[in-house]
Amino acid sequence: MSDSYKTIIGLEVHVQLATNSKLFCRCSTQFGAEPNTQTCPVCIGMPGSLPVMNRTAYQLALKTAVAINCEIPAFTKWDRKQYFYPDLPKGYQISQFDLPMSANGYLEISDEKEGRFEPKRIGITRAHLEDDAGKSIHDEVHGKADSQIDLNRTGTPLLEIVSEPDLRSSAEARAYLEELKLLLEYIGVSDCNMQEGSLRCDANVNLHLETENGKVATPIVEIKNMNSFRAVERAIDYEAERQYRVWQETGQRIGEAPKQTRGWDDASGKTLPQRSKEESSDYRYFPDPDLVPVLSTPEQVAEVRAALGELPASCRSRLSADHGLSPYDANVLVNQGRALLDYFFTTAKTCNDFKTTCNWVTQHVLRILKEQETTIEEFAVSALQLAELITATADGQLPKSRSKDAFEMMCAEKIDVATAIDRLGIEQVDESALVALCQELLATNPKIVADVQAGKQQAVGSLIGQAKKKNPNVDPGRFRELCLELVAKM
Amino acid sequence: MAITRADVEKVARLARLRLSEDELTSLTNELSQIVTYVDQLAEVDTDAVEPMTHAIELHNVFADDVVRPSLPREQALANAPSHNDQAYLVPPVLGD
Ligand SMILES: [Zn+2]
């Protein structure tokens, strides 16, 4: 069915910026406080109160805008967006209308893992700074009881990031969100906690169809209430199929129906119609007379850019270009976030072996983090301890065949590699002992010797097993080499 | 640009104002006069003048991101027509 239409998706992401106080007053932004204990005359819209912009909020917004490759105009201002809703005590939101603080950016996405789409650049129309509304708590049991309004969140700084309608599938939409979240976490502007509402996403979806009479577009639907990336994927897939069905039934095109808002219902797996909001021209935007514009110079923007540090995209290419990791591995490491990457770099630089470190981190460290449901910060084996393990294995102090045992023990008992080697009773078997063991086993297994002489080298395998029984510290690789050498000399 | 009665009705509805017939008539008149005056101003040649977006010449006024005490909850809720000592109470909100 998907080849009969193209799905056109644009995303609006709201990110709560990681400030201590609100955007226009000094109330705390701490999540989870008792309802209505973090409000003041400014954020509950008392007459005569005056907003003053939070410097840190503006700086975090600017940092984000630069990181998503936006242009930063020299002049920006704030406007009042007016509508009535119980969680909006001022009767208007302070947002940005015609002169947002940033525009024309982009974010690059790819799908290294499954290859469902080619790497592509997603345009970002604009990112602007605005204040958040409060929360309504509806009485779901009784339905008819009053709604409770908690205004603690009112006035929290939000950056709204609006993408171009450049996304063509739910997989692309998810990749965009994941890349954006990763970037925001890298530059430390938000905790991006979806459960706590620090990262929220709405999607605008419609279809482009090829018909006998040329190209046709279906009416645009805005989907709200998606509380996870998985929900975004499911909602878009559902909505595309629903629009195709509706189009087949009604033939309704864009412009023939007003833009509709639908809410995602995760339990039923459907989008349901919501009361349509007033059209955007009805918000009656006008410049907020209580706030002054913000001017920035190209030098200030350049300074912000210079202070950004390495972003995920350049980190991926550095790992593959300079350190020989595959694009796939580079992607896995970078996508784990800054903390894991710091761990990786510390280990890799200490043992001076990026590839081996990558194997350890992607295969073993990540597995154990997942099993233990823990984070790299709380992981039992420090980056330096992992480097010691890798070095001990390279030196031959720890046979390769036992390195995983040592690692598991280090994880379980929070010990360093030397202690693990000791407790596992690993001793380096010196060459002469290994030769002696080899000779002994060859002497007692004439059939194997004959097989090897006849060209069946794999027959040595059973000798390795016997050798390990006699001495668990035997390095199977070296033992095998020795056996073959000795047989050749026989 | 003339202001019609329908314009005033729309603006009143958006502002949640209930206007009587008399008020509608007089407001349509008054608003029309204001807009006519603006039309008159629009005749001035402003080609060489930078558009002004703000009445004040100030810019870049910021406050430090430091938390200060908020209002005690009793005070915050004091003016509310209805509350339960924790939250404002409003009639059930239509589909969110
Ligand atoms: Zn406040």
Side-chain angles (χ1 to χ4, degrees), chain A residues 19-21 24-30 34-41 43-44 46 52-58 75 77 82-87 89 99 134 136-139 143-151 224-225 263 272-275 278 282 284 287 289 291-296, chain B residues 1 3-4 6-19 27 31 34-35 38 49-96:
Chain A
T19 56
N20 299 316
S21 65
F24 298 119
C25 65
R26 305 286 71 80
C27 290
S28 170
T29 55
Q30 186 69 47
E34 280 289 304
N36 297 300
T37 54
Q38 294 172 352
T39 67
C40 72
C43 58
I44 56 178
M46 290 294 171
V52 182
M53 185 169 302
N54 182 329
R55 180 182 290 107
T56 304
Y58 179 75
F75 179 101
K77 65 160 172 96
Q82 309 181 78
Y83 64 94
F84 288 104
Y85 206 76
D87 63 14
L99 298 170
S136 316
I137 306 141
H138 307 297
D139 190 329
K144 279 180 183 161
D146 285 345
S147 291
Q148 300 186 43
I149 307 293
D150 173 11
L151 297 181
K224 292 184 171 289
N225 284 351
L272 303 170
Q274 289 189 328
R275 194 167 59 115
E278 292 139 328
D282 284 351
R284 296 153 296 144
L291 286 162
V292 299
V294 171
L295 274 53
S296 45
Chain B
M1 194 182 93
I3 290 283
T4 65
D7 291 331
V8 179
E9 280 172 351
K10 184 182 175 187
V11 173
R13 193 180 67 245
L14 289 171
R16 303 293 187 275
L17 294 174
R18 194 183 294 125
L19 302 177
L27 282 170
L31 279 171
I34 293 168
V35 172
V38 174
V49 182
E50 273 276 300
M52 188 180 77
T53 53
H54 213 281
I56 315 171
E57 289 289 307
L58 278 174
H59 55 80
N60 295 36
V61 176
F62 293 113
D64 289 339
D65 181 27
V66 178
V67 174
R68 298 259 164 74
S70 292
L71 279 180
R73 183 157 63 186
E74 317 83 78
Q75 276 187 39
L77 296 173
N79 287 336
S82 176
H83 65 79
N84 63 2
D85 296 326
Q86 291 178 7
Y88 301 86
L89 296 179
V90 298
V93 181
L94 290 169
D96 191 282

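Here is the naming used below: chain letters follow the sequence lines, and residue numbers restart at 1 for every chain. Computed over heavy atoms, backbone and side chain alike; hydrogens, waters and symmetry mates excluded.
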If I take atom [atom1] from residue [X] and atom [atom2] from residue [Y], how far apart are they, to the nearest 0.5 angstrom?
X      : Y     : atom1 : atom2 : result
A:D282 : B:R13 : CG    : CZ    : 7.5 Å
B:L14  : A:F84 : CG    : CZ    : 9.0 Å
B:Y88  : A:I44 : OH    : CD1   : 4.0 Å
A:I149 : B:H83 : CD1   : NE2   : 14.0 Å

Select one option (side chain, backbone, both, neither) describing which atoms of [X] are under 4.5 Å from chain B's heavy atoms.
X      : value
A:P293 : both
A:Y58  : side chain
A:L295 : both
A:L291 : backbone
A:Q30  : neither

Pair up each side-chain donor or acceptor in residues 61-73 of chain B with any protein partner under 3.5 Å, not counting sequence neighbours, and list the distances.
unit_1, atom_1, unit_2, atom_2, d
B:D64, OD1, A:R55, NH1, 2.4
B:D65, OD1, A:N20, N, 3.3
B:D65, OD1, A:S21, N, 2.7
B:D65, OD1, A:S21, OG, 2.6
B:D65, OD1, A:N54, ND2, 3.0
B:D65, OD2, A:N20, N, 2.9
B:R73, NE, B:D85, O, 3.2
B:R73, NH1, A:P35, O, 2.6

Which of the residues [options] is involved in the greatest number of heavy-atom pairs with chain B at under 4.5 angstrom?
options                : value
A:E34, A:Q38, A:M53    : A:M53
A:C25, A:P41, A:A57    : A:P41
A:C43, A:P289, A:S296  : A:P289
A:T37, A:L99, A:T29    : A:T37
A:L272, A:L151, A:D150 : A:L151

Query raised in the report: Who are the side-chain contact (heavy atoms from CB on, under 4.5 Å) partners of B:A87, not counting sequence neighbours?
Result: A:N36, A:Q148, B:N84

Query raised in the report: Of the listed residues (B:L77, B:N79, B:N60), which shares the most heavy-atom pairs with chain A below a 4.5 Å separation?
Result: B:N60

